[in-house]
Amino acid sequence: LASSNTIKIDKNNSISANINVANLFKKNNTKKSINGSMIAKINNIAILNNLFPTVSILGGKLQSNIALSGTLSQPNLAGTANLTAGMIYSPELGLMLKNISTTIRGNHKTLNTHTIVNIQSKPLLINSTTKLHSPTYETQGTIKGNNVLLYNLPQYIVYGSPDLKFTADTKSISLYGNITVPKAIIKPIQSFNAITLPAEDIIYTNASENLLSHYPYAFNIYATLEKNITINIHGIKGRVSGKLDLKKKINHPIFANGDISVVNGTYQIYGNQLTIAKNSALLFPNTLITQPNLSISASKTIQPSSASFNQGLSNGDITVGIKVTGTIKKPNLALYSVPATLSQAQILSYLILGYSIETNANQSSQNQNLFNALNALKLAQSSLSSSHGAGLINSIRSTLGLSELNINSQTTSDALGNTIDNTPHTSFVIGKYITKNIYLKYIQDLSALNPLRVVQAILFLSPQWS
C-alpha cells in the first residue's frame, strides 16, 4: 500500500508526505514494514496560532525533513526539524519571546531537541532527549539561564537564574534543581474587602473541560532570593531575601522549608509609617507555602511632648510598636514599648494618633469607650489577613446594629476638590439608617489633640436628590 499527499497552505507554506506499507494484510504487525518521509516548509508559523490558544504566535520559519522506517508495531523516526526566528507572546507571563530557535534531531531510538529562547536579550536554554520506543515517551532535559525575565505582569516582575533538570512522559512532569532570584518586584493587586471562596464551593459554568484539567506535575527546587526583592503589599514596603526548599508531590500542595527575612522595610497604617525590624521574617518549617509562621516587629520612635513628660512617661524618645506572630490566617498581634511603662491604650494611641491619650481619673468614660472601640476596630483592620480582618469588623458592626463602622484617612481638600493639606487626617466614623430615607453619621477627628466632632443627618429625597 502506498500513499503520497501534499498539503499546500499557500504559495510559501506546504507540507508533503508519502508512506509505503508492505504486507499490510498480514495479521502480524511486526511483519508490516513501513517507509516514508515528511517534508515541511512553513515560512511563517503564525498560521499555527489556532493550535496554541494560550499564546500568540507572531512569527518564525519551520523546515523539517523526517524519514519513517521500521514496522507498524515499532516505527522509527529519523531526520531533522529546525525552527528559526520564532516570536511568541505569552499573556499569562507577560513575556515576549524572541529569536526562538529549535533544532530537533532524531534517530531510530531517541529524539533530541535543543531550544534557545531570548527574553530581553537574555537566553534561556532548554535541552531534552525523548525515548521513542518507550510506551510513555520518557523524556529527560535541562533548563538553564542567567538573570532571565520569567514574569512581567503589573503585579509581578521576576528575574531568575534557573539550573533545573526535568523528567516527563505522557502522564506527568517533575522538576528538580536550583533557581536563584536576583531581582523581583511584587505588588499584587489587592482588594482588602474581598472574601475568597473555598475551591470546593466554586462551580464553573460554560467552561471547557480542557481548561479545568491540568497536567500533573511535581518539583523539588531550592530557591535563593537575593537582596533585590522588593514588595509592596497590604501597606508593607521594603526588600526581602531568603532561601526556601520547595517541594510538591503530584496532586499535593506546595510545602516549603526555610525563611524569608526583611532586609529593610516599612509598614504604613492610616498615615503612620512604622519601621519593620531587620530580624522580622516569614518562617517555613516544612509548612504549606501559603501558611508561613510570622515573626514580624514594626515600630516608630516618638519624641514625647512636655505633657507626656509631666505625666512621668519618659524624658527621652519613646519607641512603640507591634509584634505579629502566629500564621497568615491566624495572626497574633501584641503591642510593646520602650520603655515598657506605657499602657496598651497609650501605645495604641501613639501608633495611631501620634500622641498619648490621658489615662488619669479625669478622663471621661465617653472618650474611654470611644478609644476601646477604636482599639478593637484598629486591631481588626491591622490583621495581615485582610479577609479575616474585614470579617471581624463586619461582626462588630452587626452586633452593634450599625450600617457603617470604619476608620478613614484622607487629606484636606477645598470646595473644588483640590488638595490643600497633604497631611493625612484620621477619623473614626459610625453611621446608621434611622429610616429608609434618613441616615445619621457621627465623625470624630483622631488626628488632633482637640478633635473635631461632626454629626451629619442625610435625607434621601429621590434617586436624583439627597
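Judged as a side chain to side chain contact (heavy atoms under 4.5 Å, CB included), and not counting sequence neighbours, the contacts of Asn44 are Ala46. Every residue meeting the side chain to side chain donor-acceptor pair (under 3.5 Å) condition with Thr130, not counting sequence neighbours, appears here in chain and number order: Thr139. Partners of Thr230 by side chain to side chain donor-acceptor pair (under 3.5 Å), not counting sequence neighbours: none found.
Atom CG of residue Leu150 and atom OH of residue Tyr159 lie 10.0 Å apart, to the nearest 0.5 angstrom. Expressed to the nearest 0.5 Å, how far OG1 of Thr80 lies from CD1 of Ile66 amounts to 6.0 Å. Note that CG of Asn43 and CD of Gln63 are 7.0 Å apart. Values are rounded to the nearest 0.5 Å. We find the OG-CG distance between Ser174 and Asn220 to be 10.0 Å, quoted to the nearest 0.5 Å. With values rounded to the nearest 0.5 angstrom, Asn257 atom CG is found 6.0 Å from Asp245 atom CG. Distance check, rounded to the nearest 0.5 Å: CD of Gln120 to CG of Asn147 gives 9.5 Å.
Counting heavy atoms of neighbouring residues, nucleotides and ligands inside a 6.0 Å radius, atom NZ of Lys248 exceeds 12 of them. Counting non-hydrogen atoms of other residues, nucleotides and ligands closer than 6.0 Å to CZ of Phe219 gives a total above 12. The number of heavy atoms from other shown groups lying within 6.0 Å of CD (Gln140) does not exceed 12.
Exactly one of Thr115, Thr84, Ile116, Val117 qualifies for a side chain to side chain contact (heavy atoms under 4.5 Å, CB included) with Thr102. That residue is Thr115. Of the options Ile236, Thr266, Val263, Val240, a side chain to side chain contact (heavy atoms under 4.5 Å, CB included) to Ile276 is made by Ile236 and by none of the others.
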### From CA spacing to verdict: side-chain hydrogen bond (donor to acceptor under 3.5 Å, both in side chains), Asn82, Thr103
CA-CA 5 Å; Asn82 294 288; Thr103 300; 3.3 Å; yes
### Message
Before you tell me yes or no, could you show the steps for Ile296 and Lys323 under side chain to side chain contact (heavy atoms under 4.5 Å, CB included), namely the whole-Å CA-CA distance, both residues' side-chain angles and the distance that decides it to 0.1 Å?
### Response
CA-CA 6 Å; Ile296 299 173; Lys323 292 182 178 179; over 6 Å; no
### Task
For the pair Met96 and Lys98, evaluate side chain to side chain contact (heavy atoms under 4.5 Å, CB included) and give the outcome as yes or no after the intermediate values.
CA-CA 6 Å; Met96 180 67 74; Lys98 296 182 178 181; 3.6 Å; yes
### Task
Give the C-alpha distance, both sets of side-chain angles, the deciding distance and a yes or no for side chain to side chain contact (heavy atoms under 4.5 Å, CB included) between Leu149 and Leu95.
CA-CA 8 Å; Leu149 181 62; Leu95 296 179; 3.7 Å; yes
### Task
Show the numbers, then the answer: is there a side chain to side chain contact (heavy atoms under 4.5 Å, CB included) between Ile88 and Ile100?
CA-CA 8 Å; Ile88 297 175; Ile100 303 172; 3.9 Å; yes
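Side-chain atoms of Arg239 do not come within 3.5 Å of backbone N or O of Asn264 as any donor-acceptor pair. In this structure, the side chain of Asn293 does not engage the main chain of Thr327 through any donor-acceptor pair within 3.5 Å.
When every heavy atom of Leu93 is checked against every heavy atom of Leu153, the shortest pair comes out as C-CD2, 3.7 Å. Considering every non-hydrogen atom in both Ile15 and Ala40, the closest pair reads CG1-CB, 4.1 Å. Heavy-atom minimum distance, Asn332 versus Gly326: ND2-CA, 3.9 Å. Heavy-atom minimum distance, Ser261 versus Asp259: OG-OD1, 3.2 Å. Residue Asn118 comes nearest to Asn99 through the heavy atom pair ND2-O, 3.3 Å, listed as atom of the first residue, atom of the second, then distance. Of all the heavy atoms in Ser161 and Asn146, the pair that sits closest is OG-OD1, 3.4 Å.
The side-chain tip of Lys237 does not point at the ring of Tyr267 from less than 6.0 angstrom away and within 45° of straight on. In this structure, Lys131 fails the cation-pi test against Tyr137, since its NZ or CZ atom is not both closer than 6.0 Å to the six-membered ring centre and inside 45 degrees of the ring normal.
Taking 4.5 Å as the limit, every side-chain heavy atom of Tyr336 sits out of range of all side-chain heavy atoms of Leu342. Here the side chains of Leu283 and Ser295 are in contact, with some heavy-atom distance below 4.5 Å. Here the side chains of Ile119 and Leu97 are in contact, with some heavy-atom distance below 4.5 Å. Annotation: side chain of Tyr350 is in contact with side chain of Ile318 (closest heavy-atom distance under 4.5 Å). Between Val55 and Tyr89 there is no side-chain heavy-atom pair separated by less than 4.5 Å. Taking 4.5 Å as the limit, some side-chain heavy atom of Ile289 sits within range of a side-chain heavy atom of Phe284. The closest side-chain heavy-atom distance from Ile229 to Val181 is below 4.5 Å. With contacts defined as side-chain heavy-atom distances shorter than 4.5 Å, the pair Glu226/Ser241 does not qualify.
Side-chain polar atoms of Thr110 and Thr129 form no donor-acceptor pair below 3.5 angstrom. With no hydrogens or angles considered, no side-chain donor-acceptor pair links Thr301 and Asp317 at under 3.5 Å. For the residue pair Ser37 / Asn18, a side-chain donor-acceptor distance below 3.5 Å is found, with atom types taken as modelled.
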